[in-house]
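Read the structure below first, then the notes.
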Amino acid sequence: MKSPILPHMKIAAASLIGVIALGTLSGQARADAIPAACMSVSAASRTMGSASLTMTGYGATLSGNSAHLTVGQVSVQDRQGHLTLPNLRDANALISFGLLKLVHNGNPAGCRGVDGRPALKNLREALHQGAVAELVWHQIGLSEGDSRYTADRITATLRAGQAPGSIDIVFSANGLTSPGGSALPGSVRTTLTIPEQMLDDTKSPTGRITISSLEGVWAKGRLDGNGWVAPGHAANSSSGELHLTITDLNDLLAVIRPVLPTGVSTALSVAQFMGHRDGNKVTWDLTLSNGILKVNSIPIPVN
């Protein structure tokens, strides 16, 4: 079964991938972590502090003019004073690059061989020295061709995780919209723990991403969840457990059904009968192992 909600939360997923680093640049500034031949950047203005950077009118474009990112206003800081301006510049390049690659669905020719891991490693080392990276973005736009995703506000906080060799991330986004309608929730918030070996070896990822909390809120309806994911290169090499609860599902369906593809809308309607109902809440326990997705213990093969 295809997820009825997550395909329409692509901007939230993109942002979440991006928030493993922070920062920003200004005025045709160079992105040290990402070569200019791969991604061009610009900004209308910037103000630098002792461990902070603010910017207006930031933009980034992927090689070949294929995908575009705009941010109206950015504020990035480390209240502990460990992050340097190069950390912030490189981190912003990594965020932008991750977002643009996701909306482009891959690497353009000008980005082949680009490796942001050295810059990311420097940021992670600062986090383990006590840095707490805080990011606030306002008026975000992400587009390619006719597809466009927007958000009013994105915030992220990164710090060294309580578990050895991990990073804790608290992420939120508000005012999310996607092409053709309002299937996206108005707001998303999640708390994650990411093992660092997963960032070091992207070809053979190991470890689990722990999802301590996941919240999505619509005008009517609410999603809550938690669990873990051990991503592989395909469904049969990935595993995970996710516990989801939707409150006021019928009201939510009435809101988003007009903008959902027919197959997805049908899948969500059918999913109601696979859930455990308790008053106005419907709950699903999902597990993925060996290419088999189980929804409340009912096996569903995954291609």
Side-chain angles (χ1 to χ4, degrees), residues 1-17 102 105 169 171 173 176 178 180-195 198 205-303:
M1 180 191 306
K2 189 174 181 179
S3 168
I5 294 176
L6 294 182
H8 299 275
M9 296 174 66
K10 189 173 183 180
I11 181 63
S15 301
L16 188 58
I17 290 171
L102 191 67
N105 196 28
I169 299 173
F171 166 84
L176 299 171
S178 63
S182 57
L184 283 168
S187 64
V188 173
R189 179 180 174 86
T190 190
T191 301
L192 306 172
T193 298
I194 299 179
M198 189 174 292
T206 58
R208 294 181 175 184
I209 298 174
T210 301
I211 307 167
S212 300
S213 65
L214 172 64
E215 303 170 2
V217 180
W218 288 259
K220 295 182 179 180
R222 175 187 177 99
L223 169 72
D224 293 277
N226 62 79
W228 61 269
V229 178
H233 292 293
N236 61 3
S237 60
S238 303
S239 60
E241 295 181 4
L242 192 59
H243 311 286
L244 297 176
T245 299
I246 295 182
T247 304
D248 296 328
L249 177 57
N250 289 334
D251 290 340
L252 174 59
L253 278 173
V255 171
I256 67 176
R257 183 177 281 118
V259 295
L260 288 176
T262 302
V264 176
S265 179
T266 302
L268 185 50
S269 298
V270 172
Q272 296 183 75
F273 301 103
M274 302 177 70
H276 299 305
R277 186 174 291 275
D278 182 9
N280 65 339
K281 297 182 179 181
V282 183
T283 301
W284 298 268
D285 294 322
L286 289 78
T287 62
L288 176 63
S289 180
N290 298 318
I292 301 294
L293 173 68
K294 291 185 178 180
V295 181
N296 291 341
S297 300
I298 300 174
I300 301 173
V302 178
N303 293 329

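Just so it is clear, the values below take in all heavy atoms, side chains as well, and ignore hydrogens, waters and symmetry mates. Along the sequence shown, the residues carry numbers beginning at 1. Computed from a predicted structure; not experimentally measured.
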Practice task
To the nearest 0.5 Å, tell me how far Leu293 CG sits from Ile298 CD1.
Solution key: 10.5 Å
Problem - From Leu286 atom CG to Met274 atom CE, the distance as rounded to the nearest 0.5 Å - result: 8.5 Å
Practice task
Drop me the distance from Leu253's CG to Trp218's CH2, to the nearest 0.5 angstrom.
Solution key: 10.5 Å
Exercise for the section: Could you tell me which non-hydrogen atom of Ala173 sits nearest to which non-hydrogen atom of Leu176, and how far apart they are? Expected result: CB-CD2, 3.8 Å
Exercise for the section: Output the distance between atom CG (Asp224) and atom CG (Leu214), rounded to the nearest 0.5 Å. Expected result: 8.0 Å
Completion exercise
Here the pair of heavy atoms bringing Ser213 nearest to Thr190 is O-OG1, 2.7 Å
Handout entry: Asn226 and His243 side chains, donor-acceptor separation under 3.5 Å
Key = no
Completion exercise
Here the pair of heavy atoms bringing Thr283 nearest to Asn296 is O-ND2, 3.4 Å
Practice task
State the CD1-CZ distance between Ile194 and Arg208, to the nearest 0.5 angstrom.
Solution key: 15.5 Å
Problem - Taking every non-hydrogen atom, the tightest pair across Val282 and Gln272 - result: CG1-O, 4.3 Å
Exercise for the section: Indicate yes or no: at least one non-hydrogen side-chain atom of Thr245 is less than 4.5 angstrom from one of Lys281. Expected result: yes
Completion exercise
Closest heavy-atom pair, Gly207 versus Pro231, reported as atoms and distance to 0.1 Å, is O-CD, 4.2 Å
Fill in the blank from the handout: Here the gap from Ile246 atom CD1 to Trp284 atom CH2, rounded to the nearest 0.5 Å, amounts to 4.0 Å
Handout entry: Pair Ser239, Ser289: side-chain N/O donor-acceptor within cut-off below 3.5 Å
Key = no
